[in-house]
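Scroll down for the structure; my scribbles are underneath it.
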Amino acid sequence: MPSSIPNSPAELADATWPEIEAYYDALASEAPTPATAREWLRQWSLLEELVNEASSQSLIAYTGNTADPEAEARYLRFVTEIQPNAEARQTGLAQLLIDTGITDADIAILLREFRTTVSIFRDANVARFAQIEELSAGYQKLAGGLSVELDGQTLTIPQLQPLLESDDRQARERAFRVGADAYLAHRDEVSDLFEKMYALRQEVARESGFADYQAFAFASKHRYDYTADDVARFHDAVAEVVTPAAARVHAHRRNRLGVETVRPWDLAVDPDGLAPLRPFRDVAEFVATSGRIFTALDPELGARFADMARDGLLDLESRPNKAPGGYCTTLHHRKQPFVFMNAVGVSDDVTTLVHEAGHCFHAYLASDRELIWQRGTGSEAAELASMSMELLAAPYFAMPVGYYTPDQARRAQAAHLEDVLLALPHIASVDAFQRWIYTSGEGHDRDARDAAWLRLRSRFEQGIDWTGLDRERTARWYRQLHIFELPFYYIEYGIAQLGALQVWKRSLTDPAGALAGYKAALELGGTQSLPALYAAAGARLIFDADGMRELVGLVEERLETLRGSTVS
Ligand SMILES: [Zn+2]
């Protein structure tokens, strides 16, 4: 190994960008030839492993204690200084590799992605992306800082959630209205921010030679295996098949609640008036129970989860100064993943951990691939790993293995399957709305945007009574951070959910085969095309109504069974 590569991620913990840049300079100065390309690529991959893990460690330290100023400074140096600069240098190195003309079949997927990244890169866009980042931070600050006054109390938006779950309908309505009003009061600021982002994104696209930002996004997200027209078919299929099924979920809720129509503030309360599930008392119990579930599903996956617990790679409990949310990050050099979340003992914690564990198993199973780029996949395959795990682990949620009594386990599974049906119309709304924004020619106009959202939303979301609540319904898109911060990152969840339902369907008749296919797909990492990764898992990319109808029918059948045996 040349001395130009550091020995460990720890050596980079306090490195500045100029210090890290020297490593990129060294790689760039020994430009590869066809004969040296593979060894050069291995060295580059090793550098990326080290920088990536140092960056992940800074994220773990900061999110674990946001009150530690040193941890904050390290984290900010990685995200604002090192990562954006490194990305520009990576594009340069990718160009050097392409210039060698190598066409090795085992890295064909990687070479194709490098070619795209290089071909759409423009120096002039670097400053535009930096401006978009600043605007994103502005949105994050605005949305994160919203508060409401209710009954003499000042509450944050997340603090409204328990009120929305209250069995007092008037309390729910008031909580719903103040939550929507908080966003509506900032309509001008939100719109100003969005219009600046919109203009910059369209400029980025044109600079790179695309007609609009949607076309740019498809290229930059490496969507080689489906087109904007396929995604439009996906929207149509959701409207035809899933929207009516989701409306049936709402109708079931209407009957259970005994109300005339389901209003938007009736969606979070338990329809049978049952107390919330309490799956565990403390994190030790949470880890022990989850470990039993993964072991019952598959001893190898159970062993990997036990490794994480043993090696301090699970930071699960909520505590003061921890950042909100949950994530799984990969420590590429030590070849292990890390899970972060804020568990408080509710059923959502179980869903979060099982989901993140799916990402972890993906990281473990792909960790032996030679190059860092071969160990990761796009979000369509990454979310297939996590969403399939949510469904594959569910049969083990009942005691003595899992958290719940048999009745509680059925109730948790029914809630999960209802969420699956309700999520797809939401995904279609968010994606179709962005398609409209960037391709209609009217996306710069705030009134036209709000009108388009209402039109699309009422196409995809039915069975909820929004009478007199058009403004409140509009506020929903102001809350969807992806539209502001991660444009066009959403349809992946829909594609992956339909993939996961196919893995689940197979598991109902052939559990061993479904699990083997799942693990085989994860082991491939990013070495195959998206359709090939799905095929390994026994699934395909679904954009058509017939494909959705079969899976939605199965979900509804299962829901019937679960409800039939729990209704008292
Ligand atoms: Zn995920």
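Atoms within a ligand are numbered from 1 in the order they appear, just like the ligands themselves. For the numbers below, each heavy atom of this structure counts, side chains included, while hydrogens, waters and symmetry mates do not.
Cation-pi geometry between Arg112 and Tyr224 is met: the NZ or CZ atom falls under 6.0 Å from the ring centre, inside 45° of the normal.
Below 30°, between 30° and 60°, or above 60°: for His235 and Phe460 the angle between ring planes is above 60°, a perpendicular geometry. Note on ring orientation: taking the six-membered ring where Trp is involved, the planes of Trp373 and Phe114 are perpendicular (angle over 60°, cut-offs 30° and 60°).
Between Arg476 and Glu461 no salt bridge is recorded (no basic side-chain N to carboxylate O distance below 4.0 Å).
Cys328 lies apart from the Zn ion (ligand 1) in this respect, since none of its N, O or S atoms is found at a distance under 2.8 Å. Taking 2.8 Å as the threshold, Glu383 counts as a candidate ligand of the Zn ion (ligand 1), since one of its N, O or S atoms lies below it.
Minimum-distance N/O/S atom of His359 relative to the Zn ion (ligand 1): NE2.
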